[in-house]
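Encoded as structure tokens, the structure appears first; notes follow it.
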Amino acid sequence: MAAICFYFQVHQPYRLKNYSFFKIGKDHAYEATAQNVEILNRVSDLCYLPANAMMYRLIQENEGRFKITYSITGTCIEQLHRHRPDVIDSFRRLAETGCVEFLSETYYHSLASLYSPTEFVRQVKLHEKAMLNILGVKTKVFRNTELMYQNGLADLLDEMGYKMVLAEGGRKFLGSESTNQIFQSKNEKTKVLPRNFILSDDIAFRFSDPTWSEYPLLADTFASWLHKVEDPNGCINLFMDYETFGEHRKQETGIFDFMKHLPKQILKDKKAHFATPSDLLKIKKTKPPVYDSPAWSSWADADKDASAWTEDHMQRDALRKIYALEPVVLKLGKPDILDVWGKLQTSDHFYYMSTRYRNDATHQSFTPYNSPYDAYLNFMNVLSDFQGILKAGS
Amino acid sequence: MARTKVLMLGWEFPPVLTGGLGTACYGLVKALSKYADVQLIIPQADRNQTLENVRIKGLNYYGITGEQSIELPEVPLEEYAKVTKVPAEFSNPYPVGIGFAKEAKALVSPEAIRALYSTSEPYGPNIMQKVATYAEVVSRMALEMDFDVIHAHDWITYPAAVKIKEMTGKPLVVHVHSLETDRVGEKAKGDWNKVYEVEFKGMSKADRVIPVSRYTQDCAMAHYNIPEEKFYPVHNAIDPAETFRIPNNSGEKLVLFLGRVTFQKGPEFMVETAWKLLQVYPNVLFFVAGVGDMMDELKKKVLERKIDHKFVFAGFLSKSNVKKVLAQADVYFMPSVSEPFGLSALEAAQFDVPCVISKQSGVAEVLPNALNADFWDTESFANYIYGLLNYEGIREDMISKTRKDIAQLTWDDSARDVMEVYESLGV
């Protein structure tokens, strides 16, 4: 049967504090530090620590046959490094098992790939460095913010030496080809792993939905669905937020119990095996089908595009203004200025400004604001202050 | 099935308008006439005008044979408003002290009754006499009329409505456009406030209460202790209208305050907001259109804060002048302490003016794409106005989304909701 590729996204942004226009020009500290630490502690205790412990045990129990993959954003690993060294240690232990792969992404979980190739490269390199310095791992495979992908991204990745990238699944991008296999980019230089969004979302979203026909989902049922995929060269890509365990789906939903039993149930089939993206990279296939996405795709919302970040006037205005600062920021070349600029690029800020998805449950669970308008105005006030600093410095 | 026959008791009605009550009553009656037979009794009707399918009786014609009933023609509301004469001394359209007025006896002679209601002042110092007379006369008229349900708008008509219910046993629906607790705050609950008592009695005796917002329902439940099951909130709406923009070449941005300058509308919070905003952003003018008992205090406060050069007091504006101001405004600002609905915010929104309104307002429920803050939170108000005047991204999003919100608000929907209330009474 096909290989099973579990990948978990680990991310925490630097949320902005309530920054009214009075503070412009007077207050240069933008972060909601107490709130950020509070959320980091909560998620560490509910998710990162218990989930890491569970994954570690599963790897031990299954004697190396269970493998998983993580991508941890720079903004998250930085906060964990500062406030939760215990979580960093538990990730290091996972790294040492040899059964865990860590991926590359933009340090600031940004949309730089859409707006500035130079900045994109800077952030990916920054992230590579952080992963090496903090976790001691070398990253080989790339995943972009929110799994955003567009045909042109493959050229950039190729230049940077990446041979594989993760992306969203769906007929729009895969045509009539099966989801459960390795694809390649249009320029044929990069392998593309498409997310099996049905099976992934069964765990990430539908798991705790009592109105779902498969509720309550048990590990043996889910394993039996995976067993049906026979292609020995194929792969079933189960990509989701790591916070699914204990934060988005609370412990009481049984999500940990489900995961605890899953590897054993899957490995009951002797042909079943787990793989990381780098393992999959070793599979030789003469001509994989082409993953084609002329416009930006993503794993978000029903439309699987970038609209949740870029559709509104507010979002476009804020994005245009933040990336317009690039020449000045680079000219000044100060590390602290570059860092503030990077943090302001974190995609979450723009996600909070989405009016279209304002009443969407997923959006609402993430945003610290009462409305997308509040998100925009707060960001713009901060940006005004930052613009002032740049002006004074240049 | 026979159409429901509604005895509608109103007070303000075009061309007599001082606030949202008459506008809302007109919009609802007009839409309702499609589904029900409406007979409307108001203190003062204009005999030269009729409204299709609605029989309108004005007490200003009381006792004149064959002249009690007049039909109003279908004329756009703004046409009515244009002919409204606002006397110069009309400085307080809704006397806030009404609740503390002396009780009055009803007049009996037809001449005196006609004279009582033949003024351009719908309230005035003799308001209690107007209310008492209305109750007497209208309840007598009702005995000779054929109807299934009584529908009364605001406290001034409640004594008549309760009396009719007691005499005929017909079900009573009271429509709450505003409460004394909105107008004067907590002191409405003092023993001596008669308006509060009238409202309490009206809502208590009513079979159904229609508040113009969920906010007003909450107020009625909190301040009058009316049980929740009586309430059927129905939002006001706005008819589509032709709007326009006039370029503002003054170089200063225009923030518009439109409404009575009374405690209820929060003028002091406007001054605080303006003061905070002006310290950072001086390029703005506050335009105050309206009059009221807090006008002098407002002017005093503006002087004290040394921001009088940033304020324009335009007084009471005719409907057409209001439109001209809306066409130039950059922000509509309504910091009301307690606003049951706030129709003027809908008018502003219709003119593509982004709205900054207090959370204590019913209109916020139908304008999800307006910006709102608690009425005392002047820092947030100032922050919103600053953002709207400085950051280009937000205006277009608010305006385009608000257009869709407004398109969904029709008087026809409100009328259907009211019909459901009647149906729930089995009429």
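In what follows, chains are A, B, ... by sequence order, proteins preceding strands, each numbered from 1.
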Greater than 12 external heavy atoms within 6.0 Å of [X]'s [atom1]:
X: A:Lys250; atom1: NZ; value: yes
X: B:Glu228; atom1: CD; value: no
X: A:Lys172; atom1: NZ; value: yes

Can you say whether [X] sits under 4.5 Å from chain B via the side chain, the backbone, both, or neither, judging by heavy atoms?
X: A:Leu383; value: neither
X: A:Asn378; value: neither
X: A:Arg316; value: neither

Among A:Asn18, A:Thr355, A:Asp312, A:Asn370, residue most engaged with chain B (heavy-atom pairs, under 4.5 Å): A:Asp312

Rounded to the nearest 0.5 Å, what's the gap from [atom1] on [X] to [atom2] on [Y]? Could you check?
X: B:Asp397; Y: A:Glu311; atom1: CG; atom2: CD; answer: 9.0 Å
X: A:Arg320; Y: B:Glu392; atom1: CZ; atom2: CD; answer: 5.5 Å
X: A:Asp374; Y: B:Ser380; atom1: CG; atom2: OG; answer: 8.0 Å

Under 4.5 Å from any heavy atom of chain A - which part of B:Tyr384: both

Part of residues 327-344 of chain B lying next to chain A, heavy-atom separation under 4.5 Å: none

Max heavy-atom pair count under 4.5 Å with chain A, selected residue of B:Asn390, B:Leu388, B:Asn369, B:Leu371: B:Asn369

Closest heavy-atom pair and its distance - B:Met398, A:Tyr373: CG-CE2, 3.3 Å

Test item: A:Tyr376 side-chain N/O and B:Gly393 main-chain N/O as donor-acceptor pair under 3.5 Å: yes

Residue pair A:Ser20 / B:Tyr386, side-chain donor-acceptor N/O under 3.5 Å: no

A:Asp317 and B:Arg395 ion-paired at < 4.0 Å: no

Side chain to side chain contact (heavy atoms under 4.5 Å, CB included) evaluation trace for A:Phe22 with B:Asn383: CA-CA 8 Å; A:Phe22 293 109; B:Asn383 191 49; over 6 Å; no

